[in-house]
2 protein chains.
Amino acid sequence: MSMTRALEVVERKTGDRCCDVGAQPSTTYADAERDAAVFDLLAHPVRLQLLDVLVRNEGRVCVCDLESAVPVKQPTVSHHLRLLREAGLVDSEKVGIWAYYRVDRGRLAELKERVEVRLSGLT
Amino acid sequence: MSMTRALEVVERKTGDRCCDVGAQPSTTYADAERDAAVFDLLAHPVRLQLLDVLVRNEGRVCVCDLESAVPVKQPTVSHHLRLLREAGLVDSEKVGIWAYYRVDRGRLAELKERVEVRLSGLT
DNA sequence: CAAACCCATTGACAATCTTCGATGCGTGCC
DNA sequence: GGCACGCATCGAAGATTGTCAATGGGTTTG
């Protein structure tokens, strides 16, 4: 007998065993949770725009610059920056009055890699 | 003169014009919203697992099969399937008692393309 | 020192999301 | 017809998220 799943074009009849032999996903749920968290971080237009500006301006962007790049107020910008920082994607340095943010390109590459792997799994 | 932004390593002093000459993102906010919606769709472990199973089982997966693949109850599975369907990523066909779901691989490819473009913009 | 400035944090509110029990609808079986 | 089944939907509850005014802390300027 082949290893093909009980899920083929086999015509089921109402009583047939159905739900207990189901196809299983190729990753653990924990992996799915980890990847979902990655997508979640990118699932907001403000965060996408902030990352965009930060990537495009090597190293020295202050919060007020970022604030002028998105249609939300300063506390909201700080909020989203905090999320990005807690995820390790950006870090900040205080210089005098200002707080300069920059992307951690290594972390960003890791994130992109996780996205690639997950998407390539959706062949 | 080069085209470099006013945002270089120029030492600012407190009074200096700062926020009104800020670096702008490379995409419109509307584009960011559209892409954020794509990431949002992927930002849940159940939806990732459902897509995984659907992609891996060409065409004929019923809801009870999907239900056995994720740690949530049937109404929740139906809920997430609805989100995927409304996004055009999957469609369903009723055959007798069962509802068979399948991925729209064209739509899935479009989604992956949008992700790729956005991520490649984060150079 | 006082004032102005930049930014983080707090607190409150509204909106959205996630989940599941209960229910209803359509279908096949006896 | 009556029953069991598969699935969608509804309704409610709790959790999470997004937003901003207000506030406070740290710094520079005058």
Side-chain angles (χ1 to χ4, degrees), chain A residues 7 11-22 29 32-33 36-37 39-50 60-87 90-101, chain B residues 11-22 29 32-33 36-37 39-50 60-87 90-102:
Chain A
L7 191 119
E11 290 303 320
R12 284 177 176 156
K13 301 175 71 174
T14 304
D16 279 0
R17 196 148 38 99
C18 167
C19 304
D20 46 359
V21 197
Y29 194 74
E33 285 180 313
F39 287 117
D40 208 29
L41 194 66
L42 300 174
H44 196 287
V46 166
R47 291 194 288 276
L48 289 182
Q49 298 282 70
L50 293 178
R60 302 186 72 77
V61 188
C62 69
V63 175
C64 57
D65 285 320
L66 294 169
E67 188 180 349
S68 71
V70 290
V72 292
K73 303 293 184 184
Q74 176 264 318
T76 305
V77 174
S78 278
H79 169 68
H80 289 293
L81 285 173
R82 188 224 283 256
L83 295 182
L84 293 175
R85 181 157 21 90
E86 287 175 348
V90 309
D91 58 354
S92 59
E93 173 195 9
K94 294 215 63 166
V95 176
I97 283 290
W98 295 285
Y100 286 101
Y101 278 76
Chain B
E11 291 302 322
R12 283 175 178 159
K13 302 175 70 173
T14 304
D16 278 2
R17 198 149 35 101
C18 168
C19 304
D20 46 1
V21 196
Y29 193 75
E33 285 179 313
F39 288 117
D40 208 30
L41 193 66
L42 300 174
H44 195 289
V46 167
R47 291 194 290 275
L48 289 183
Q49 298 283 71
L50 294 178
R60 301 187 72 79
V61 189
C62 70
V63 175
C64 57
D65 284 321
L66 294 170
E67 188 180 349
S68 71
V70 290
V72 292
K73 304 291 185 186
Q74 176 264 320
T76 306
V77 173
S78 278
H79 169 68
H80 288 293
L81 285 173
R82 189 224 283 255
L83 295 182
L84 294 174
R85 183 158 16 93
E86 287 175 349
V90 309
D91 58 354
S92 60
E93 173 195 9
K94 293 215 62 167
V95 176
I97 284 289
W98 296 286
Y100 287 101
Y101 277 77
R102 73 173 142 275

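Just so it is clear, the structure is predicted and the values come from calculations on it, not from any experiment. Every chain is numbered from 1, with letters handed out A, B, ... down the list of sequences.
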Rounded to the Å, how far apart are [X] [atom1] and [N] [atom2]?
X: Leu66(A); N: dC6(C); atom1: CG; atom2: P; result: 14 Å
X: Asp65(B); N: dG6(D); atom1: CG; atom2: P; result: 11 Å
X: Asp91(A); N: dA8(C); atom1: CG; atom2: P; result: 13 Å
X: Tyr100(B); N: dT27(C); atom1: OH; atom2: C1'; result: 13 Å

Review point. Can you tell if the side chain of Val77(B) reaches within under 4.5 Å of the side chain of Val46(B), non-hydrogen atoms only?
Key: no
(request) Would you indicate whether the side-chain heavy atoms of Leu84(B) and His80(B) approach each other to under 4.5 Å? (result) no
Quick note, Arg85(A) side chain, CB onward, closest among dT10(C), dC6(C), dA8(C) is dA8(C)
Ranking dC7(C), dG6(D), dC5(C) by distance to the side chain of Ile97(B), first place goes to dG6(D)
Closest heavy-atom pair, Cys62(B) versus Tyr100(B), reported as atoms and distance to 0.1 Å, is N-CD2, 3.8 Å
Between Ala87(A) and Leu41(A), the two heavy atoms sitting closest are CB-CD2, 3.5 Å
Notebook entry, point to check: Does a nitrogen or oxygen in the side chain of Tyr101(A) sit under 4.0 Å from OP1 or OP2 of dC6(C)?
Noted result: no
Please enumerate all protein N or O atoms sitting under 3.5 Å from an N or O of nucleotides 17-19 of chain C, with distances to 0.1 Å.
from: dT19(C); atom 1: OP2; to: His44(B); atom 2: NE2; distance (Å): 3.3
from: dT19(C); atom 1: OP2; to: His80(B); atom 2: NE2; distance (Å): 2.7

Look for any protein N or O under 3.5 Å of an N or O in nucleotides 23-25 of chain C and output each such pair with its distance, or none.
none

From the list Val90(A), Asp65(A), Asp91(A), side chain to side chain contact (heavy atoms under 4.5 Å, CB included) partner of Tyr101(A) resolves to Val90(A)
Of Leu83(A), Leu81(A), Leu42(A), the one forming a side chain to side chain contact (heavy atoms under 4.5 Å, CB included) with Arg47(A) is Leu83(A)
Nearest-nucleotide check on DNA chain D, Ser78(B) vs Lys94(A); residue mapping nearer the 5' end is Ser78(B)
Sorted by chain and number, sequence neighbours left out, salt bridge (Lys or Arg N to Asp or Glu O under 4.0 Å) with Glu33(B) holds for none
